[in-house]
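Quick notes on the structure that follows.
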Amino acid sequence: MATAPRIKATLDAQKPGPVIVWLRTDLRLGDNPALEAACETGRDVLCVFILETDETLKARGGATRWWLHGSLLAIGRDIEKRGGRLVLCKGASRSLIPRICKAAGAAAIVWNRRYGEAERTLDAALKKQLQDDGLVAESFNSHLLYEPWEVTTKAGTPMRVFTPFWRAARQTHEPMTPRPAPKQIPDGKLAKVKLPDEVALDDLDLLPTKPDWASGMRDAWQPGETGAEKTLRTFLKTGIDGYAENRNLPDRPSTSRLSPYLKFGEISPRQIWHAVDHAAQNGTLKASADDVSKFLAELGWREFSYHLLFHFPKLGSENFQSKFDAFPWASDTAHLKAWQRGRTGYPIVDAAMRQLWVTGWMHNRMRMVAASFLIKHLLIDWREGEAWFWDTLLDADPASNTASWQWVAGSGADAAPYFRIFNPISQGQKFDTEGNYVREFVPELAKLPAKYIHNPWIAPKSVLDAAGVTLGETYPHPIVDHDRARQRALAAFKSIGTIDA
DNA sequence: TTTTGAGTTGTTCGA
DNA sequence: GTCGAACAACTCAAA
């Protein structure tokens, strides 16, 4: 079933000329169907990446720009090692792609699919235009285990609930076996051709300068395919055993941390799936069946998010459940800013938001706690939270980010019950019992004993003094009272309860 | 068509 | 301290 993608047959009848590989969210050489198909033709191959400025596309967030710089550097070198080169451009792909094809004298262009509505519209228009111009233009799946249209209900409609979705998906077929990286990516005669609009990596201006806020990210991450492989190996060795339980503990390296690599396609979900599945089958994986299925279900949630985005393209901007259009959101810029900068006065929330700010990533459970706080304690519109995460997360994903924010808000598919309001004190005590996570990211509370680290406002003055904490000065008072905020949220949710969708 | 069971991750209260 | 119930009502998916 898992066969190499082919465009050779259609190309043989075509005019001579090289094949362009348009790289987008697939910045890897291994298990890259478009790249493999291009190399299989035996023709010269030219890899192109465009920093797209098309007006219909959502602008990239700041954190992902930093990551992208490292990714392009890495994949550029990897392509060179195989005898090719990566061409970088900046501009509207709508006009750049046809110009590049023409300048290179290309006979064919290939790419791997993306699933946002604007991206699909753009890609479809380009494909048609290029085919009309006499080129072979082909697209492939590299980003998902299952195409969003492959999984349906028995009635043929899109799925709206995760559990039946994941069950149905796994029954359609096994995820395809990942393909090896091509040994050679020869650019032949194109090596010396300077293409129009070609720029150097530094000219893309992806790195922050004034100020350089990326030092915490440099310490924590290695963008690129090699970094992805290392991260996966480490997770299989030390993270997946006990994953079902330990994934909830934010002070431990028990989650995979593969999300930024997946976002940019520096590893494919098929590679992850098979690495886990293969190791589990041949007994080299030390992990329970529950650990494995819980982890694979996280890939399932990513698939489900793409399924939703594909079938409901407004997932990022409109409430999935329209009754939420009447939700009484508050607009309080001081509260929003306190949340963004980790100054809410709730240590677990602040630790989470600062981890995001410094490292570009946040632990999964902490995402729920922080998101719940913004939506339910502050009653701020989930779209504000989504936008902040989009800008600050290295793994900011058009599907997962939006679907997850709507899930927490209760406005999404398969929504959480209205009464699921995380208590930031008990979540801290339960999942960061010793307070290690808070101490790491909220250093001004580091000397507090575990007993008070999640609710410093009830600590005796002597304890606060001994820890060097002065509430309202060295660390804020809680910006809202938990019990009152909870009651207010319950009332707000009740107010939209009976409005018909 | 109608019915039935189920739905990622929680909290609080009272016995 | 532990445990179970209550917390809205609704929608989805399959039989």
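Computed from a predicted structure; not experimentally measured. Naming convention: chains lettered A, B, ... in sequence-line order (proteins, then strands); numbering from 1 in each chain.
Judged as a side-chain hydrogen bond (donor to acceptor under 3.5 Å, both in side chains), the pairs with a partner in residues 418-427 of chain A (not counting sequence neighbours) are, in order, A/Arg365-A/Gln427, A/Asn423-A/His482.
A straight line from CZ of A/Phe422 to P of B/dT9 spans 9 Å, rounded to a whole angstrom. One can place CZ of A/Phe373 at 14 Å from P of B/dT11, the figure rounded to the nearest angstrom. Taking atom CG of residue A/Asn423 and atom C1' of nucleotide B/dT12, one finds them 10 Å apart after rounding to whole Å. For the pair A/Lys323 NZ and C/dA8 P, the computed distance is 13 Å after rounding to whole Å. Rounded to an integer number of Å, the gap from A/Ile425 CD1 to B/dT11 P is 10 Å. One interatomic measurement links the two molecules: NZ of A/Lys376 to P of B/dT11, which rounds to 11 Å at whole-angstrom precision. Look at CZ on A/Phe324: it is 15 Å from P on C/dA8, rounded to the nearest Å. Atom CG in A/Leu490 sits about 10 Å away from atom C1' in B/dT12, given to the nearest Å.
A cation-pi arrangement is present between A/Arg24 and A/Trp22, with the terminal nitrogen or guanidinium carbon under 6.0 Å from the aromatic centre and inside a 45° cone about the axis.
Here A/His482 reaches the OP1 or OP2 of B/dT12: one of its side-chain N or O atoms lies under 4.0 Å away. Using a 4.0 Å cut-off, some side-chain N or O of A/Arg420 falls inside it from OP1 or OP2 of B/dT9. OP1 or OP2 of C/dC10 has not a single side-chain nitrogen or oxygen of A/Gln321 nearer than 4.0 Å.
Taking 4.5 Å as the limit, some side-chain heavy atom of A/Met368 sits within range of a side-chain heavy atom of A/Trp407. Contact annotation: the side chain of A/Arg160 approaches that of A/Phe320 to within less than 4.5 Å [non-hydrogen atoms, C-beta and beyond].
Among the heavy atoms of the strands lying under 4.0 Å from A/Ser426 are primed sugar atoms or P, OP1, OP2 only; no base atom is included. Heavy atoms of A/Gln487 sit nowhere under 4.0 angstrom from any nucleic acid atom.
Ring to ring, A/Phe422 and A/His377 are not that close: their centroids are 6.0 angstrom or more apart.
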Distance-only donor-acceptor hits, side chain of residues 232-240 of chain A, under 3.5 Å, sequence neighbours excluded:
| unit_1 | atom_1 | unit_2 | atom_2 | d |
| --- | --- | --- | --- | --- |
| A/Thr234 | OG1 | A/Lys230 | O | 2.9 |
| A/Thr238 | OG1 | A/Thr234 | O | 2.8 |

Below 3.5 Å, can you tabulate the donor-acceptor pairs from side chains in residues 445-457 of chain A to any protein atom, sequence neighbours excluded?
| unit_1 | atom_1 | unit_2 | atom_2 | d |
| --- | --- | --- | --- | --- |
| A/His454 | NE2 | A/Gly428 | O | 3.1 |
| A/His454 | NE2 | A/Asp432 | O | 2.9 |

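When atom types are taken as modelled, the side chain of A/Asp291 and the backbone of A/Ser288 share a donor-acceptor pair closer than 3.5 angstrom.
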So A/Tyr243 and A/Asp290, side chain to side chain donor-acceptor pair (under 3.5 Å) or not? Walk me through it.
-> CA-CA 8 Å; A/Tyr243 177 80; A/Asp290 192 37; over 6 Å; no

Any chance you could lay out the side chain to side chain donor-acceptor pair (under 3.5 Å) test for A/Asn319 and A/Trp382, step after step, and finish with the verdict? CA-CA 9 Å; A/Asn319 292 307; A/Trp382 62 266; 2.8 Å; yes

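Looking at A/Arg247 and A/Glu298, a side-chain N of the basic residue comes within less than 4.0 Å of a carboxylate O on the acidic one, giving a salt bridge. Ion pair A/Arg179/A/Glu36 flagged as a salt bridge, since at least one NZ, NE, NH1 or NH2 atom sits closer than 4.0 Å to an Asp/Glu carboxylate oxygen.
Judged as a salt bridge (Lys or Arg N to Asp or Glu O under 4.0 Å), and not counting sequence neighbours, A/Asp219 has no contacts. For A/Trp357, the ring-ring contact (aromatic ring centres under 6.0 Å, His included) partners at least two apart in sequence or on another chain are A/Trp388. Taking the ring-ring contact (aromatic ring centres under 6.0 Å, His included) definition, one finds that A/Phe493 meets it with A/Phe324, A/Phe327, sequence neighbours left out. A/Tyr437 is linked by a ring-ring contact (aromatic ring centres under 6.0 Å, His included) to A/Phe441, counting only residues two or more places apart in sequence or in another chain.
Sorted by residue number, the list of members of residues 301-315 of chain A with any non-hydrogen atom under 4.0 Å from DNA chain C is empty. Residues from residues 428-439 of chain A with heavy atoms under 4.0 angstrom of DNA chain B: there are none.
Stem regions for DNA chain B, each three or more consecutive Watson-Crick or G-U pairs with both distances under 3.5 Å and listed by first number, read B:2-7 with C:10-15, B:10-15 with C:2-7.
Heavy-atom neighbours of A/Gln222 CD from other residues, nucleotides or ligands within 6.0 Å: above the threshold of 12.
Annotation: B/dA6 and C/dA8 have their P atoms spaced 22 Å apart (nearest Å).
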With the criterion being N/O to N/O and under 3.5 Å, what pairs connect the protein with nucleotides 2-7 of chain C, and how long is each?
| unit_1 | atom_1 | unit_2 | atom_2 | d |
| --- | --- | --- | --- | --- |
| C/dC7 | O3' | A/Tyr418 | OH | 2.9 |

Tabulate protein N/O versus nucleotide N/O from nucleotides 12-15 of chain C, keeping only pairs under 3.5 Å, one per line.
| unit_1 | atom_1 | unit_2 | atom_2 | d |
| --- | --- | --- | --- | --- |
| C/dC12 | OP1 | A/Arg160 | NH1 | 3.1 |
| C/dA13 | OP1 | A/Arg160 | N | 2.4 |
| C/dA13 | OP1 | A/Val161 | N | 3.2 |
| C/dA14 | OP2 | A/Lys154 | N | 3.2 |

